Amino acid sequence: MDIRHENHGGEGRFSTPGGESELTYTMAGETTAIFEHTYVPASERGQGIAAKLLAAAVDWARGAGLTVLPQCSYVQAQFRRHPEYRELL
């Protein structure tokens with residue numbers, strides 16, 4: 001699946017083609033990304049799209065040397081389930 005990343009200054013989003021499914025973030029300073037919101041419309045749920053959006057966001061944060069503050073309840077749950085994500089906290 002092609003995940004797109006848009007960054008507009010201190011805000012950004014990871015989205016699917018068509019742009020309905022998304023994970024949004026804002027930057028807190030230069031080193032912390034706040035993962036704020038994940039949305040997948042009902043018609044696309046059950047396909048692992050949210051997990052793919054999060055994986056792309058995590059890869060981006062790692063590559064950029066950022067820490068992550070998971071504010072979204074979905075992201076918080078995934079950080080609890082995936083110990084490999086916790087290094088970003």
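On a predicted model such as this, the values are computed, not experimentally measured, just so you know.
Put simply, the side chain of C72 does not reach to within 4.5 Å of the side chain of T24, judged on heavy atoms.
Closest approach of V75 to L23, counting heavy atoms only: CG2-CD1, 4.0 Å.
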Using atom types as modelled, flag every donor-acceptor pair under 3.5 Å from a side chain in residues 26-43 to any protein atom, sequence neighbours excluded.
residue, atom, partner, partner atom, Å
T26, OG1, E36, OE2, 3.2
T32, OG1, T67, OG1, 2.9

N/O donor to acceptor pairs below 3.5 angstrom from side-chain atoms of residues 56-64, sequence neighbours left out:
residue, atom, partner, partner atom, Å
R62, NE, E87, OE2, 3.0
R62, NH2, E84, O, 2.5

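Residues forming a ring-ring contact (aromatic ring centres under 6.0 Å, His included) with F79 (at least two apart in sequence, or on another chain): Y85. Taking P83 as the reference, R86 meet the side chain to side chain contact (heavy atoms under 4.5 Å, CB included) condition, with sequence neighbours excluded. For E44, the side-chain hydrogen bond (donor to acceptor under 3.5 Å, both in side chains) test picks out S21, with sequence neighbours left out. Annotation: salt bridge (charged side-chain N to carboxylate O under 4.0 Å, His left out) contacts of R80 (sequence neighbours excluded): none.
Listed by first then second residue, pairs satisfying salt bridge (charged side-chain N to carboxylate O under 4.0 Å, His left out) with a partner in residues 5-25 read R13-E22, not counting sequence neighbours.
Linking ILVMFWY side-chain heavy atoms closer than 4.5 Å, directly or via other members, places L69 and Y74 in two distinct hydrophobic clusters.
With values rounded to the nearest 0.5 angstrom, L53 atom CG is found 4.5 Å from I3 atom CD1.
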